[in-house]
Amino acid sequence: MAFEDTKAFAPGTLPAMLFICFALLIFNKIVNGLRCPLSHIPGPWHTRFTSIVSKYHFTRGDKTYWVHELHRIYGPLVRTEPGQVSTIDVELWERIHHVRAEFRKAPFHDKFRIGPDHMLFSMTDVATHAARRRLFARALTVESLRKHWEPAIRERVNLCITRIKIAASEGGVADVWLWWRLLAADVVSLLSFGESFALLETVGQNERAYFDALHLAGIGIVLRSMIPWLPASVSKLFPIKSIRDILNANQVITEKGTVAVRNLRNTAIDRPNIFTTMLQQADEGDITLTDDAIRSEVAGFLLAGSDTTSSALTYIIWATLKRPDLQRRLEHEAAGLPADFTDKDVEALPLLNNVLDEMLRLYNPTSGPNIRVGPREGFTWRGYAIPGNTVMYTQTYSMVRNEAAFENCESFDETRFERATWQQRRVAQPFGIGPHSCIGKNLARIELRLAFAVFLRECKGARLGPDMTDDVMFPLVKFFTYPKGKKCEITLLPRRVEDDMVEAKWAAEA
Ligand code: HEM
């Protein structure tokens with residue numbers, strides 16, 4: 001018996017077995033590919049057999065650009081993976097994201113969950129999602145946000161700009177990407193907890209783990225959706241620290257949710273926040289909201305409200321400072337605001353708001369994938385039969401780069417939204433459409449308006465730092481969009497002759 005055992009593992013047996021397994025795997029892929037129910041949809045040949053190329057681009061942060069190029073080659077409907085179809089057809093895009101629950105969030109949205117329970121973004125059940133959304137509605141209207149939160153947001157914005165000015169005067173340059181991230185995280189913690197984490201005061205040293213986790217959690221979501229079978233328990237043991245930090249980021253953010261729940265339930269602490277209003281709404285409607293549900297929603301808010309707004313602010317400063325003529329006009333417009341201006345005053349500035357809309361079109365922080373699953377019984381689109389449960393992929397990036405709707409779509413045109421057509425307004429939806437569209441859009445817009453206006457007034461004549469090439473600002477689209485060089489430096493130093501020459505070159509290129 002012992003002799004037979006030894007024989008079973010004779011040298012060469014294990015490699016042979018591995019080779020057979022590998023060959024069977026490849027054979028299985030080929031057979032599945034040949035029988036692929038999406039073989040009639042245009043797309044590269046390999047997407048019938050494997051998702052490896054799509055996943056490779058997703059990991060690199062350039063899937064958005066790859067898919068966009070595929071649409072240029074193959075048209076408005078493209079197969080991107082064996083069970084996945086991307087579309088840039090406006091009517092189909094609207095149908096996919098419509099209120100009618102024909103297309104749903106898929107079970108894999110569960111991988112996006114970052115707390116112990118579902119949060120709005122990860123909910124797949126239509127009725128539960130709608131009921132949860134109604135609880136947020138009252139707290140997040142423009143009126144409610146202005147009434148309860150505008151002064152506190154403004155105080156954070158003022159401090160942020162002061163910190164930018166100090167950093168620029170001490171070091172020659174200030175990295176606005178860092179400062180906007182601190183600001184956005186402070187604002188969203190302010191709304192979630194009733195007081196901010198004061199990251200602006202401590203340059204993020206206070207709550208450092210939380211601040212880092214906010215950025216890493218998005219990357220963690222990408223990682224988990226790529227390796228769905230990765231057990232959560234592995235995250236603590238992973239040998240590489242940077243990956244361990246990514247995998248543990250959710251937990252760091254969720255712990256903050258626990259603090260929020262404690263504050264909410266502790267009647268001795270009089271610190272109202274948006275979740276207080278949500279709990280009141282739940283009580284009025286006789287809806288039970290568990291602590292785990294609140295903890296998860298808080299975590300979702302902290303994540304969704306930080307890297308998005310800060311990325312938008314970063315690109316708006318970059319796009320503005322690249323065009324000194326535009327910068328001067330914007331500064332002039334903002335200088336006309338009354339000394340005690342409010343968000344409502346800023347909302348009335350035509351140029352500033354057109355620039356905001358154009359920035360959200362070209363550099364949307366959520367330009368990447370937005371996925372739903374098609375109806376079980378399948379559907380037909382312009383003669384193409386799409387089988388049941390096909391994953392339908394859409395991306396904002398491509399929707400707003402449609403030459404038919406946006407002439408010279410790649411150029412930043414601050415006048416574009418002055419005379420926007422119905423078709424342009426229909427497609428340029430930076431906060432999404434349908435039942436899952438952004439619930440924080442009013443907060444985001446208030447923050448963008450106030451921070452941009454105060455920057456224009458207080459940092460007059462700011463210029464991009466000497467290292468700020470286009471490559472540094474190339475937008476990587478992981479979960480959210482951020483600059484490849486992970487910085488956006490500006491300077492407030494007096495102008496030199498070389499600066500005029502660089503700016504003249506940019507103006508000529510523009
Ligand atoms: C410029 C800033 C922002 C942009 C461009 C943006 C964009 C978006 C988009 C496109 C969606 C829809 C995703 C989908 O259809 O699956 C979304 C959802 C969401 N956003 Fe935002 N967002 C921003 C800021 C914020 C802020 C400040 C918050 C809250 C503090 C927030 C909270 C959420 C939540 C909770 C959802 C999920 C809604 C649901 O599934 O019902 N977002 N956002």
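The structure presented is a predicted model; accordingly, all values stated were derived computationally and were not measured. Every number for a ligand or one of its atoms is a count from 1 in the order of the listing. All residue numbers in this chain count up from 1 along the given sequence.
- The six-membered or imidazole ring of Phe379 lies near that of Phe103, with a centre-to-centre distance under 6.0 Å.
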For ligand 1, run through the N/O pairs with the protein that fall under 3.5 Å and put one pair on each line.
residue  : atom   : partner : partner atom : Å
ligand 1 : 15 (O) : Asn370  : OD1          : 3.4
ligand 1 : 15 (O) : Asn370  : ND2          : 3.1
ligand 1 : 15 (O) : Arg372  : NH2          : 3.0
ligand 1 : 16 (O) : Lys105  : NZ           : 3.3
ligand 1 : 16 (O) : Asn370  : OD1          : 3.1
ligand 1 : 16 (O) : Arg372  : NH2          : 3.4
ligand 1 : 40 (O) : His436  : ND1          : 2.7
ligand 1 : 41 (O) : His129  : NE2          : 2.7
ligand 1 : 41 (O) : Arg133  : NH1          : 2.7

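- In this structure, Tyr56 has its ring center at least 6.0 angstrom away from the ring center of Trp66.
- His436 and His129 have their aromatic ring centers within a separation under 6.0 angstrom.
- Aromatic pair Tyr65/Phe474: ring centres closer than 6.0 Å.
- Checked against the 6.0 Å centroid criterion, the rings of Phe479 and Phe58 do not qualify as a close aromatic pair.
- Counting only residues at least two apart or in different chains, side-chain hydrogen bond (donor to acceptor under 3.5 Å, both in side chains) contacts with residues 174-190 comprise Arg156-Asp186.
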